[in-house]
Structure formats: C-alpha cells, structure tokens
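Comments concern the structure below.
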Amino acid sequence: MNFTTRHIPFFAPDKIALSGQVFRFRVIDDTHTEVVAFGRYLQIASLGDDRYAFSCQEDEFDRIWHGYFDLSRDYEAICDSIDPDDTYLRDACSFGYGIRILKQDVWETVISYIISQRRSIPSIMTSVDRISRMYGKKIKVPKLGDPFVKPLFDEYYSFPAVDEMSSATLADITSTGVGYRAEYIMCAIDDFRSGKITEDMLESLDNDRLYDVLLSMRGVGCKVANCIMLYGLARCGRFPIDVWMDRIIKAHYSGHFDYTKYPGTCGIMQQFMFYYERNR
DNA sequence: GGCCAGGCCTCGC
DNA sequence: GCGAGGCATGGC
C-alpha cells in the first residue's frame, strides 16, 4: 500500500471536518478522517506530534492535496496578528487551532452553497451526497492497511462535473431533497454549461468583479457569494455573515465587527469565530 | 409532530 | 434602498 506521511503544524483534520466549510469531509474516529474531493477518496490518519499519514502517493499529495489543505499559508502568523484586545477572537483562534481554509472545487462549492441556504449542515451533506450518487462517478477507494481504518461507507461517488449534470432535469434535482433550490441549481448548470460563466473566468477575476458575477447568479446572494469566494476560490479576505456570525457580532462586538482590520485574512478569522460559537 | 436550518427572491413602501 | 413575508425539505 502506498501512502504519504508529512509533518504539518497547525493542522486538525477533525476540526476541519466539523467546521462547516466542507460537506464531504467526515470524522471516522479519534485519529482518522476521510474526505471526497476532486474525484478522489482520501483518508487521513493522525500519528501524533503533528505527523499525518495520507492514503495517497507522494506526487498526488503534492499535486492535489497540498493546495487543497492550504499548506503553504502560515496560520500561526495569522493567529499572532489578532488584535490583543480582542479576547473573543483570540479565544476562538486557540479553540479552532488547526483549522485551515480548504481550497475546494469551484463548481462543487457553487452548488453546495446554493443548497446551503436556510438548511442545517447534516441536511446539506445529505443532498450533496445524493447529487454525487446520481450524477458522479464511482470512486475507487484505495486498499487501506495500517495506519488507516475501514472507510465509513461501502461506496463513494465523485461530485459531478458540469458536463455530468448537464442532462439533469428539474425533477431529478428536486428528488435529491433540495426543495425550491432545485431551480437555482438548474440555472447554475445553464450558466456554466453555456460558457456564460467558467471556472477559469472566476479564478481570473479580481474580488469585486468576481463578487458581481456570482451575485448575478440566481439563488446566490451576498452570503453564498462570499462563501464561494472564500472556500472555492481561496479569497481569504471575504467575510461571509450568516445567522451565526450575526449572533456573534451582536453578542460580542456590539453589532459591528471591523473585518477591514484583517485584509486578506478576515475569512479565516470568520471561520474560527463560526467554529467556536457552534462547537464550544 | 413541531420547529428550525451557514438566505434569497419578490413585493410594497 | 430597505424591511417583511414566503419558501420545500430534512434532521433533531
């Protein structure tokens, strides 16, 4: 069996799985997590002392997963940059020690966050899995011996590419339990299939223009657009405000959090706050 | 069985 | 420009 080991400071896969930014990343047990992304299954085993084993070969790790886990970014330095007087954010950061912002597939992020509006995280995960099962390809799970464990499920499916979803009907999409958002998903498929919007275009646009393009999509408002930018396009200077963040800002910042203090990293701060409020 | 969910769209002002 | 109401389904 081939696997890859790395020493990675500031890396807590279990917290990432529970951070609400990703819907196909699950905790298996105290020292194992698994994720499906980019048409692959990856299991992570924690070996202690910041050492981790990944169920993939070295070149795949460097090519796919290094960027996905945002391993080139210095999160310690980001935590150190927090205003010393902001005790809530400092506490949130130490509580969320090891959470990184994943750079997820753009299309998957678009659809996932369109689904996410006004739904609980478990139910978002269910719909994303149903869509994958319906339109994605079956994934070959690598043979897993020590230090890995048995995967949670028997079968895994990739999240479908735009092409794979292009034959979808409104009734199909509705059958995945997404409710009234099915119409938004159909529009998104059309936007991408027609070439009106492409992943390359989104990657190349500056923040302001990217935001406008995303807002032009049906079913995408300011919160979802910011989530797509943060989690799908690594625009870590975006600051999505949902009902949880709204609560936090009211309770701890008297209704106003000045995220411009952290240009380029406030999205990461947001993730710490969100995770802290939901999990402490 | 009832309540709420990582909001957005439409309408009325 | 802004606030209120309505919204399909799933999970607890």
Side-chain angles (χ1 to χ4, degrees), chain A residues 15-27 92 95-96 99-106 108-134 152 159 168-191 197 211-253 255-257 259 266-280:
Chain A
K15 293 184 191 175
I16 293 172
L18 300 173
S19 67
Q21 64 173 303
V22 56
F23 306 108
R24 308 197 74 194
F25 201 138
R26 290 181 159 91
V27 174
F95 185 80
I99 296 178
R100 290 169 175 270
I101 301 293
L102 302 177
K103 188 177 191 305
Q104 302 181 58
D105 176 79
V106 179
E108 178 174 341
T109 308
V110 166
I111 299 301
S112 298
Y113 277 90
I114 285 176
I115 293 171
S116 78
Q117 59 186 268
R118 219 185 119 109
R119 300 198 75 180
S120 66
I121 290 172
S123 112
I124 300 164
M125 296 173 93
T126 299
S127 288
V128 172
D129 278 337
R130 285 180 185 165
I131 289 175
S132 303
R133 185 169 284 271
M134 188 172 290
L152 284 173
F159 189 86
T169 64
L170 184 62
D172 290 343
I173 299 291
T174 304
S175 75
T176 62
V178 296
Y180 63 88
R181 305 163 196 80
E183 180 202 333
Y184 304 157
I185 293 174
M186 293 301 288
C187 289
I189 292 171
D190 203 48
D191 286 338
I197 299 177
Y211 188 59
D212 288 341
V213 169
L214 292 172
L215 283 185
S216 77
M217 297 181 68
R218 203 162 152 71
V220 176
C222 54
K223 192 272 175 181
V224 168
N226 279 321
C227 283
I228 294 168
M229 290 177 71
L230 179 56
Y231 302 126
L233 291 148
R235 307 295 172 103
C236 291
R238 305 305 292 194
F239 194 78
I241 297 178
D242 68 327
V243 289
W244 291 87
M245 287 303 297
D246 202 41
R247 249 173 256 163
I248 293 167
I249 292 168
K250 283 193 173 73
H252 301 280
Y253 297 93
H256 179 71
F257 179 81
Y259 58 84
C266 59
I268 298 170
M269 305 304 182
Q270 176 270 155
Q271 194 63 50
F272 291 138
M273 295 159 87
F274 181 82
Y275 178 81
Y276 186 46
E277 197 66 19
R278 285 177 56 98
N279 295 287
R280 64 166 159 161

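A note on names: the letters A, B, ... follow the listed sequences, proteins ahead of strands, and every chain is numbered from 1.
In this structure, the OH atom of A:Tyr180 is 9 Å from the C1' atom of B:dC9, given to the nearest Å. Rounded to an integer number of Å, the gap from CD of A:Glu183 to P of B:dC8 is 15 Å. For the pair A:Ile121 CD1 and B:dA5 P, the interatomic distance rounds to 12 Å; values are reported in whole Å. Rounded to whole angstrom, the span from the CE atom of A:Met245 across to the P atom of B:dG7 amounts to 13 Å. The OH atom of A:Tyr113 sits 11 Å away from the P atom of B:dG6 (whole-angstrom rounding). Between A:Tyr184 atom OH and B:dC8 atom C1' there is a gap of 5 Å when expressed in whole angstrom units. In this entry the distance linking CD1 of A:Ile185 with P of C:dT9 reads 13 Å, nearest Å. Distance CD (A:Gln270) to C1' (B:dG6): 9 Å, rounded to an integer number of Å.
Ring orientation note: the planes of A:Tyr275 and A:Phe95 are tilted relative to one another, at an angle of 30° to 60°.
In this model, the phosphate group of B:dG6 is approached by a side-chain N or O of A:Arg278 to a distance below 4.0 Å at OP1 or OP2. Phosphate contact (OP1/OP2 of C:dG10, side-chain N/O of A:Arg118, threshold under 4.0 Å): absent. For A:Thr126 and C:dG11, the shortest distance from a side-chain N or O to OP1 or OP2 is below 4.0 Å. An OP1 or OP2 oxygen of B:dT10 is reached within less than 4.0 angstrom by a side-chain nitrogen or oxygen of A:Arg218.
With A:Tyr276 as the aromatic partner, A:Arg280 meets the cation-pi criteria of under 6.0 angstrom to the ring centre and within 45 degrees of the ring axis.
In this structure, A:Val178 reaches neither bases nor backbone, as no heavy-atom distance under 4.0 Å exists between it and the strands shown. No engagement by A:Cys227 is indicated, since no non-hydrogen atom pair under 4.0 Å with the nucleic acid exists. Residue contacts shown for A:Arg181 include a base, since a base heavy atom lies under 4.0 Å away. Nucleic acid contact class of A:Ser19 (heavy atoms, under 4.0 Å, all strands): base. Base contact: A:Gly20 has a heavy atom under 4.0 Å from a base atom. Within 4.0 Å of A:Gln271, counting heavy atoms only, lies at least one base atom of the nucleic acid. Within 4.0 Å (heavy atoms only), A:Phe274 reaches at least one base atom of the nucleic acid. Using a 4.0 Å heavy-atom distance criterion, A:Tyr231 is classed as a base contact.
Across the P atoms, C:dG5 and B:dG6 are found 23 Å apart, a figure rounded to whole Å. As rounded to the nearest Å, B:dC3 and C:dA8 have C1' atoms that lie 15 Å from one another. Taking the C1' atom of each, C:dG6 and B:dC4 are spaced 15 Å apart, rounded to whole Å.
Between A:Ser120 and A:Gly179, the residue whose closest nucleotide on DNA chain C is further toward the 5' end is A:Gly179.
Counting only residues at least two apart or on different chains, the salt bridge (charged side-chain N to carboxylate O under 4.0 Å, His left out) pairs with a member in residues 214-225 of chain A are A:Glu183-A:Arg218.
For A:Gln117 (side chain) and A:Gly219 (main-chain N/O), a donor-acceptor pair under 3.5 Å exists by modelled atom type.
Aromatic rings of A:Tyr259 and A:Tyr253 (six-membered ring for Trp) have centroids beyond the 6.0 Å cut-off, not under it.
Relative to the side chain of A:Pro122, the nucleotides C:dG10, B:dG7, C:dC12 differ in distance, and C:dC12 lies closest. Closest to the A:Gln21 side chain, of the nucleotides B:dG7, C:dT9, B:dG6, is B:dG6.
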### Query
Which string of ( ) [ ] | and . matches DNA chain B, if you list each base 5' to 3' and count Watson-Crick or G-U pairs only when both distances are under 3.5 Å?
.||||.|||||||
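Applying the salt bridge (charged side-chain N to carboxylate O under 4.0 Å, His left out) test to A:Arg247 and every residue at least two apart in sequence or in another chain returns nothing.
Rounding to the nearest 0.5 angstrom, the gap separating the CD atom in A:Glu108 from the CD atom in A:Gln104 is 6.5 Å.
With 3.5 Å as the limit, one finds a donor-acceptor pair spanning the side chains of A:Ser127 and A:Arg119.
Heavy atoms only, all atoms of each residue included: A:Ile197 and A:Met217 are closest at CD1-CG, 3.7 Å.
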